[in-house]
Novice: 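Please see the structure below; I have some questions.
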Amino acid sequence: EITSRSSSSFTTQLEELRHNHAAELAALRDQLANAHADTQKKGDEVDKANNRIRDLEQELNNLRASNTEEHNTVTKYQSEITTIRSEFDLKVADYEKQLKELRERQEKATKDLEAAMQEQLKNALSD
C-alpha cells in the first residue's frame, strides 16, 4: 500500500509536471505563432517598401535622365529611400532578436522540465 501511494503520488506529480509543461509549451507556441504572423506582416511591409524603393529609384533615374527637376527633389527621394531602408533594417533586426529570445525561452523551459522530471524520477526511485 505504501508503494501504491508513493507510485500514485509520483504519477500525480509527473502528470502535473506534464500538464504545466504542456501549458508552457502552448504559450510558447502561441508566441511563436504571433511572431510568425508578425513576420508575415513585416514581409508584406518589406515588399511594399521594396516596391516603393524601386518606384522611387525609377523616378530618380527618370529625373536624372530628363533633368527636369531641381536638385532638391533628387535629394528628397534619396533621403526617403535611405529612411525606408533604415526602417526596414531596424524592423528585421528587432524581429530576429525577438525570435531568438523566444527560441531560448522554449529551450530553457524544455530543459527545466526535463531536469524536474529527472529529479522527480530520482526521488521516486530512492523512496
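Being a predicted model, the structure only gives us computed values, none of them experimental.
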Novice: Got Lys100 and Glu96 here, is their nearest side-chain heavy-atom distance under 4.5 Å?
Specialist: no

Novice: Does some side-chain heavy atom of Glu15 sit less than 4.5 Å from a side-chain heavy atom of Arg18?
Specialist: yes

Novice: Is the shortest side-chain N to carboxylate O distance from Arg85 to Glu57 below 4.0 Å?
Specialist: yes

Novice: Is any side-chain heavy atom of Gln106 closer than 4.5 Å to one of Leu102?
Specialist: no

Novice: Begin with the C-alpha distance, continue with both residues' side-chain angles, and end with the deciding distance and a verdict on side chain to side chain contact (heavy atoms under 4.5 Å, CB included) for Glu24 and Asn20.
Specialist: CA-CA 6 Å; Glu24 190 171 337; Asn20 291 343; over 6 Å; no

Novice: Do Lys111 and Glu107 meet the salt-bridge criterion of a basic N to acidic O distance under 4.0 Å?
Specialist: yes

Novice: Can you tell if the side chain of Asn50 reaches within under 4.5 Å of the side chain of Arg54, non-hydrogen atoms only?
Specialist: no

Novice: For Asp94 and Gln98, test the side chains for any donor-to-acceptor distance below 3.5 angstrom and give the result as yes or no.
Specialist: yes

Novice: Please say whether more than 12 non-hydrogen atoms of neighbouring residues, nucleotides or ligands are located less than 6.0 Å from CD in Glu104.
Specialist: yes

Novice: Which donor-acceptor pairs under 3.5 Å do the side chains of residues 26-34 make with protein atoms, sequence neighbours left out?
Specialist:
residue : atom : partner : partner atom : Å
Asn34   : ND2  : Asp30   : O            : 3.4

Novice: Answer yes when Glu80 and Lys76 have at least one side-chain N-carboxylate O distance shorter than 4.0 Å, and no when they do not.
Specialist: no

Novice: Checking the side chain of Thr39 only, and the main-chain atoms of Ala35 only, is there a donor and an acceptor separated by less than 3.5 Å?
Specialist: yes

Novice: Please, which pairs that meet salt bridge (charged side-chain N to carboxylate O under 4.0 Å, His left out) have at least one residue in residues 38-49, sequence neighbours excluded?
Specialist: Glu45-Lys91

Novice: Rounded to the nearest 0.5 Å, how far does CG of Leu14 lie from CG of Leu121?
Specialist: 8.5 Å

